[in-house]
Amino acid sequence: MTEALVGEGRGANGAALVEMTMQQAINRALDTALREDPATLVFGEDVGRLGGVFRVTDGLQAAYGQNRVFDTPLAESGIVGLAVGLAMNGWRPIPELQFDGFAYPAVDQIVNQMARMHYRSRGAASMPITVRLPSFGGIQAPEHHGESLEALFAHVPGLKVVAPSDPNDAYRLLLQSIRSDDPVIYMEPKARYWDRRQVVLDGARAQAADTGGDPIGASRIARPGRHATLVAWGAMVHRCLRVAELAAEDGVDLEVLDLRWLKPIDTDGLAASVSRTRRAVVVHEAPLTAGLGAEVSSLITERVFCDLAAPVQRVTGFDVPYPAGPLEPQYLPTIDRILLAVQRTLEF
Amino acid sequence: MYRILPADVPLRYTTAPGSARHPVPVLLLHGFGSSHESNWVRTGWGRALEGFPTVGLDLRGHGNSGKPHTDEAYTPSVFVTDIVLLLDALGIERVDIIGYSMGSRLAWELALARPDRVRRAVLGGFGPVNAFAGADLDRPGTDQSPFGQVHRAAAALPGNDPAALAACTRGQAAHPFTAVPAPAGTPLLFVAGERDGLADGMERLAQDTGAAGALRVARRDHRTTVSAQAFKKSAVEFLARAPAAFSAV
Amino acid sequence: MQTHAPPGAGSTPDRTGALPAESARRIYRDMLTARLLDTEAIALQRQGVFPAYVSLRGQEAAQVASAAALDRDRDFAFPTYREMAVALTLGVDMVGYLASHRALWHGGRYDPIASRFGSINAVVGGPVPHAVGWALGERLRGETGCAIAYFGDGASSQGDVHEALNFAGVFGSPVVFFCQNNRWALSVPNERQIAGGSIAARAAGYGMPGITVDGNDAAAVHNATRSALDRARSGGGPTLIEALTYRLAPHSTSDDTTRYRDRGEEHAWQERDPLPRLGTALEEAGHADTAFFEQIEDGARAAVERIRDGIATAPPPAGSDLFTYVYREPTEELARQQRLWREEVEP
Amino acid sequence: MAEQTFTLPDLGEGLVEATVLEWLAEPGERIERNQPLVELETTKSAVEIPSPHSGVIVRLHAEEGAVVQVGAALVTFETEQAAGIVGTVPREEERPSRRVRLRPPAE
């Protein structure tokens with residue numbers, strides 16, 4: 001994968017700053033992991049020779065050989081089951097499930113096996129597995145190629161779930177997930193794969209281990225503001241930032257909290273933000289009912305009930321399957337729907 | 001993928017499949033100091049010959065094949081033996097050949113010795129002049145003759161073995177090229193750069209041998225003709241011609 | 001056993017002459033129509049009408065000749081997402097079929113129950129157990145319909161396919177498992193997909209016959225499918241057919257085959273294109289002449305033009321369709337969300 | 001659509017420059033990935049470089065006969081942004097359309 005040479009520079013602490021797309025950032029994180037830890041393995045459908053259906057694993061097989069980066073037969077349950085066995089034998093697997101909709105055939109292995117092997121074995125068998133899952137909608141893909149499974153996985157004891165929103169986080173959070181000894185579902189927002197930004201590359205493991213000081217589970221203020229907090233993850237962070245720009249034209253100052261980790265959720269970060277702004281709108285692509293917005297809303301209410309000036313609002317997909325092409329923009333939370341929810345909190 | 005033919009000197013070769021439209025495989029013979037990879041692959045011949053089944057060989061003393069140091073290991077007839085051995089191992093009865101420079105000389109020798117194994121040949125960068133004129137054969141590459149310069153550049157390439165190349169030079173020079181006898185039954189096509197001194201006299205040789213043509217590529221010399229589109233187009237056109245085109249030959 | 005290496009052109013004896021003239025001509029007509037429609041669909045993608053398209057080029061004989069063996073009044077076909085020529089042969093409304101590729105509705109806009117051709121499905125292997133269930137339903141009711149499940153070499157790795165084969169063996173269901181082995185599951189070749197090298201050979205383990213046919217030989221495909229259907233209909237149970245064919249086009253219009261496969265291989269299979277092969281066989285058997293080919297081509301072109309115009313001008317779905325088909329008996333909550341959509345989203 | 005500039009790759013053998021022998025495509029022409037793009041001459045050999053992208057050629061950065069350093073711009077393409085195997089790259093509106101206006105809270 002070629003990277004722009006322009007925009008390359010050095011950050012304050014000597015870390016390299018390189019402008020790249022999210023695809024390239026994930027590729028770089030995998031490259032770093034494969035280089036620093038000989039126990040890491042990358043596998044899945046079409047990840048080897050083809051370099052993945054989004055070119056995210058491009059060049060890795062050429063660089064690390066067919067033993068460490070390899071194509072599997074087409075069987076998602078088998079892919080995750082293979083990862084579980086490899087982990088029990090001391091490896092650190094990074095399997096890819098090609099599309100979110102194809103994670104459903106693997107749910108048995110993810111939920112019944114991977115998530116609870118550590119518990120079942122009373123800690124004898126760790127599962128340092130990172131399941132990479134291209135996720136969410138926004139690219140007008142065919143059926144099963146755009147889904148939001150975060151609530152499903154966040155509900156499963158033993159799993160950790162993360163969804164980056166930009167290239168820099170994609171790089172850092174993936175390395176953090178891979179280095180974690182617990183199973184992580186790493187949800188890549190397909191609609192942001194082509195987003196190009198500066199990424200801080202920290203080659204040395206010692207430097208990178210603390211991932212910029214944020215532990216697993218830390219959220220991030222993507223934009224500070226005073227009047228209300230928009231809580232989002234994945235591709236919806238970008239949409240909320242656009243909403244915040246529009247709101248600013250009207251004199252409304254919105255904070256955007258990128259939750260990043262969907263399990264564990266950064267309750268302290270949520271509480272701190274909302275107790276300042278006193279209003280919260282949770283935005284996600286997944287359907288409303290039993291979606292993660294309910295969990296976030298509940299956590300806010302439990303922690304900062306007395307600070308709230310209005311009930312927490314949710315702007316989500318509807319309780320319908322992700323629709324085809326022209327209907328998808330009407331399914332996903334629109335800018336107007338988010339603005340209306342903000343207005344409701346302001347006028348409560 | 002490259003494979004090794006375990007002859008007395010190990011020979012590295014590679015094959016690529018073609019379509020049924022082109023039943024006769026094309027054998028590519030590289031020039032002195034080069035290799036299959038640098039003479040044919042990096043110069044885009046793989047793309048040019050798409051659809052043709054091909055056989056590529058690192059000649060002894062070159063590329064990743066064995067590199068003996070004795071002059072006798074490099075006489076033209078030894079090379080011919082290597083090539084026939086490879087064709088036998090691959091079960092190939094007859095080939096078309098595209099040669100360049102020394103590879104063209106070897107194609108000529110093979111067509112003479114084993115006319116049954118060669119259907120047509122394209123001889124690139126090649127003429128009847130004594131390629132070694134003025135060259136110091138005791139210390140090849142130390143003089144200013146045309147071949148001295150070729151030798152010097154070749155010996156400096158990473159992966160090349162100067163002692164093997166020197167032996168190859170002497171082994172070849174001990175059996176100078178003669179235009180007579182010529183491989184009468186094999187249709188030939190000559191191609192060389194306009195500025196290629198090593199191909200001087202090519203036109204006359206083409207005429208004497210009743211060749212299908214003698215093409216000069218504008219503004220190219222001995223080194224830069226290899227990648228030229230005109231070379232590729234004429235070779236592909238020549239090899240794809242219907243057999244009837246040569247019935248008069 | 002046949003292998004998947006492409007033999008030289010003409011090295012396989014063509015048994016097309018064994019087909020009755022009328023069947024052979026009909027199969028040729030549908031194969032040609034499918035080829036022209038496929039070409040048109042690729043053009044529609046290039047023009048930006050379709051966001052993407054998956055070509056079946058090279059698999060026309062496997063699809064048309066197998067589907068032509070079905071009884072359109074009794075049988076039911078379960079496709080994945082590359083069975084356009086099966087749909088065409090079964091008389092599915094092709095504008096409705098292509099609606100899936102124009103991203104108007106994921107499953108297409110035809111009626112799968114009336115068409116006896118299931119909705120387009122992108123989870124490969126997923127519909128195969130459905131065929132077993134449908135076929136069992138026929139048996140339980142004392143009917144004589146058979147199901148045919150289409151899947152590919154990639155899908156053959158899915159657990160669902162193995163479970164379906166075993167179920168069908170256990171229940172003796174009237175199913176034909178029709179595997180189009182087109183050699184490439186996106187970028188992964190047979191050698192890295194199929195342990196043991198043969199999908200048909202697996203049938204033995206599930207207690208059913210496994211048959212390998214040259215999937216580019218329309219007569220061989222048609223006869224094998226017909227025998228399997230006869231067997232199933234008469235209570236003989238399921239059959240697994242592996243049709244060896246080749247995906248001449250990329251996996252989808254956004255795929256780049258140069259990353260993973262050799263042009264030489266594509267050229268070699270191009271020479272075994274099933275369409276001219278059947279055309280030549282028809283001619284040699286005396287079943288067709290120039291007038292026939294001209295007439296068939298005119299008809300096919302006219303049909304393709306109608307479908308093309310139909311899909312290019314098909315109206316987009318109403319926004320309310322988001323909610324219409326979620327339930328037979330809609331919930332209050334969904335009705336509330338639809339009101340919200342009308343107030344806040346509807347353009 | 002996006003412009004992508006292709007720089008002279010490291011041709012191996014420690015070479016730091018190459019001479020353009022002949023362009024095999026012209027500005028305005030559409031070229032497919034892996035189609036021959038340019039012939040170059042190094043001090044050691046001639047090479048043919050295939051196109052790394054599919055797209056329309058916008059600019060050639062060196063004339064025939066010119067010497068180009070490794071890493072210097074060779075050619076600029078206009079490419080369609082490569083989507084994945086399915087789906088389309090989302091287009092970002094410069095100014096997103098909105099129907100809703102907010103009233104700021106009284107402070």
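- Among pairs with a residue in residues 336-346 of chain A, those fulfilling salt bridge (Lys or Arg N to Asp or Glu O under 4.0 Å) read Asp336(A)-Arg99(D), Arg337(A)-Glu344(C), Arg344(A)-Glu344(C), at least two apart in sequence or across chains.
- For Val188(C), the parts sitting under 4.5 Å from any heavy atom of chain A are the backbone and the side chain alike.
- Looking at Leu340(A), only its side chain comes within 4.5 Å of chain C, counting heavy atoms on both sides.
- Pairing each heavy atom of Pro250(C) with each of Arg82(C), the nearest pair is O-NH1, 4.3 Å.
- Neither the backbone nor the side chain of Glu328(A) comes within less than 4.5 Å of any heavy atom of chain C.
- For Pro142(A), the part sitting under 4.5 Å from any heavy atom of chain C is the backbone (N, CA, C, O) and nothing else.
- Looking at Asp255(C), only its side chain comes within 4.5 Å of chain A, counting heavy atoms on both sides.
- When each of Asp71(A), Leu327(A), Leu288(A) is scored by its heavy-atom pairs under 4.5 Å with chain C, the top score falls to Leu327(A).
- Counting heavy-atom pairs under 4.5 Å between each of Tyr327(C), Trp341(C), Tyr81(C) and chain A puts Trp341(C) at the top.
- Looking at Ala318(C), the atoms closer than 4.5 Å to chain A (heavy atoms on both sides) all sit in the backbone: N, CA, C or O.
- What you find for Asp100(A) and His145(A) is that their closest heavy atoms are OD1-C, 3.3 Å.
- Looking at Thr57(A), its side chain does come within 3.5 Å of a backbone N or O of Gly52(A) through a donor-acceptor pair.
- With contacts defined as side-chain heavy-atom distances shorter than 4.5 Å, the pair Val281(A)/Leu254(A) does not qualify.
- Within the 3.5 Å criterion, the main-chain N or O of Ile311(C) finds a donor-acceptor partner in the side chain of Arg102(C).
- The aromatic ring centres of Phe54(A) and Phe99(A) sit less than 6.0 Å apart.
- Interface remark: Tyr104(A) contributes no atoms to any contact with chain C (heavy atom separation under 4.5 Å).
- Residue Val124(C) touches chain A through its side chain alone, counting heavy-atom pairs closer than 4.5 Å.
- For chain A, no part of Ala195(C) is nearby; none of its heavy atoms comes within less than 4.5 Å.
- Heavy atoms of Leu322(C) lying under 4.5 Å from chain A belong to its backbone as well as its side chain.
- Within the 4.5 angstrom heavy-atom criterion, only side-chain atoms of Phe102(A), from C-beta onward, approach chain C.
- Neither the backbone nor the side chain of Gln338(C) comes within contact range of chain A; no heavy atom of the residue lies under 4.5 Å from a heavy atom of that chain.
- Taking the ring centroids of Tyr325(C) and Trp105(C), they lie under the 6.0 Å cut-off.
- For residues 190-199 of chain C, every residue pair satisfying the salt bridge (Lys or Arg N to Asp or Glu O under 4.0 Å) rule, not counting sequence neighbours, is listed here: Arg183(C)-Glu191(C).
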